[in-house]
Amino acid sequence: MARVDNRYSRFVQWAKIIFPLVALGLLSTMFLFSRNLDPSDAIPFAEIDVEKIAREQQLTAPRFSGTTSDGSAIVVDAERAVPDLTDLRRLSISKVVARIESISGPSYGIIANSAVYDGTINTLDLEGDVRLSTSTGYKLETNKLVANLVATEITAPDTVTGRAPAGVLQAGSMALTTDGTTQVLVFKNGVKLVYDPKE
């Protein structure tokens, strides 16, 4: 019995030394491996493109409205508008429908695929299959149209084609101007009108 007790006592004494050493070794091994871990692997959302999110900020179905210096009301509806991150006063607009209602003169409707609104000078640059119609009977098409939102002014610097009250019209450029009370639609640069008596 004495030998058994001695063996057991020796086992307990060695266990008191060996077990803490083994535990210490396991802990040091765990810390050693943890140094090789990439913390970003544990974060699946670490690759979010913040700049992309900022670029994709947009207004859905926006409406802009105002009044020009001669009292004409302007309303602009669009499919969406995206701000320019370099200058928040500029907006890129798609699928534009604009309407200008003057107090005593004709009204104007404008449709375009896209436009850029510049808040620094209050202009709307419309491009891509631009169509202009007036309450006086004009139905015109052009590639580019610039609308001044402070004064009732519309300018088409490129070729304009379409229907006029008296027939088929073609011109190198067009401008709508106002002197404060009267609005005048002027066609320039090789104006051609094919008279249609039916009109």
Side-chain angles (χ1 to χ4, degrees), residues 58-84 87-199:
Q58 62 180 17
L59 302 172
T60 303
R63 165 170 283 197
F64 312 93
S65 60
T67 306
T68 63
S69 57
D70 67 350
S72 298
I74 296 180
V75 178
V76 180
D77 291 293
E79 183 179 271
R80 64 172 184 162
V82 180
D84 185 343
D87 188 349
L88 297 179
R89 293 170 295 181
R90 290 174 58 87
L91 294 172
S92 295
I93 309 171
S94 60
K95 304 297 181 183
V96 185
V97 178
R99 187 162 183 83
I100 302 174
E101 296 278 357
S102 59
I103 297 176
S104 57
S107 58
Y108 307 89
I110 305 171
I111 299 175
N113 291 335
S114 62
V116 174
Y117 168 71
D118 190 338
T120 60
I121 54 177
N122 287 312
T123 59
L124 190 65
D125 291 4
L126 303 111
E127 293 183 346
D129 192 22
V130 183
R131 287 172 283 173
L132 170 70
S133 60
T134 74
S135 60
T136 55
Y138 287 93
K139 296 183 183 299
L140 307 171
E141 296 181 4
T142 186
N143 293 323
K144 181 179 178 62
L145 201 67
V146 180
N148 187 328
L149 304 182
V150 176
T152 307
E153 295 179 355
I154 300 173
T155 304
D158 299 330
T159 302
V160 178
T161 60
R163 306 291 301 185
V168 179
L169 175 69
Q170 180 175 336
S173 63
M174 179 204 73
L176 170 69
T177 60
T178 178
D179 61 1
T181 56
T182 305
Q183 297 172 1
V184 180
L185 195 59
V186 179
F187 297 94
K188 299 179 181 180
N189 301 328
V191 180
K192 181 179 179 181
L193 176 65
V194 179
Y195 175 70
D196 186 349
K198 295 179 182 178
E199 298 291 338

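Computed over heavy atoms, backbone and side chain alike; hydrogens, waters and symmetry mates excluded.
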Do [X] and [Y] make a side-chain contact, defined as non-hydrogen atoms from C-beta onward lying under 4.5 Å apart?
X    : Y    : result
S173 : F187 : no
V96  : Y117 : no
R63  : V75  : yes
R131 : L140 : no
V76  : L124 : yes

Closest non-hydrogen atom pair, [X] against [Y]:
X    : Y    : answer
I103 : D70  : CD1-O, 3.6 Å
T136 : T134 : OG1-OG1, 2.8 Å
S94  : A78  : O-CB, 3.6 Å

When rounded to the nearest 0.5 angstrom, what is the spacing between [atom1] in [X] and [atom2] in [Y]?
X    : Y    : atom1 : atom2 : value
I100 : S135 : CD1   : OG    : 11.5 Å
I74  : T152 : CD1   : OG1   : 6.0 Å
D87  : T120 : CG    : OG1   : 6.5 Å
L149 : S69  : CG    : OG    : 11.0 Å

My understanding is that only residues two or more places apart in sequence, or in another chain, count here; which of them pass side chain to side chain contact (heavy atoms under 4.5 Å, CB included) with A156? T142, L145, V160, M174
Just to verify, what does K144 make a side chain to side chain contact (heavy atoms under 4.5 Å, CB included) with, not counting sequence neighbours? D125, E127, V146, P157, D158
For [X], all residues meeting side chain to side chain donor-acceptor pair (under 3.5 Å), sequence neighbours excluded:
X    : result
T123 : none
D84  : T86
S133 : none

If you apply the rule side-chain contact (heavy atoms from CB on, under 4.5 Å), what do you find for I154 with T177, and how did you get there? CA-CA 7 Å; I154 300 173; T177 60; over 6 Å; no
Hey, is the main chain of G71 close enough, under 3.5 Å, to the side chain of T67 for a donor-acceptor pair? no
Using ring pair (Phe, Tyr, Trp, His ring centres under 6.0 Å) as the criterion, list what pairs up with F64, not counting sequence neighbours. none
Under the salt bridge (Lys or Arg N to Asp or Glu O under 4.0 Å) definition, can you give me all pairs with a residue in [range], not counting sequence neighbours?
range            : answer
residues 134-143 : none
residues 164-175 : none
residues 102-123 : R90-D118

Under the rule for salt bridge (charged side-chain N to carboxylate O under 4.0 Å, His left out), what residues qualify as partners of D129, not counting sequence neighbours? none
Taking salt bridge (charged side-chain N to carboxylate O under 4.0 Å, His left out) as the test, write out the residues that go with R80, two or more places apart. none
Please set out all donor-acceptor pairs under 3.5 angstrom arising from side-chain atoms of residues 107-116, sequence neighbours excluded.
unit_1, atom_1, unit_2, atom_2, d
S107, OG, R99, NH2, 3.4
Y108, OH, Q183, OE1, 3.0
N113, ND2, G128, O, 3.1

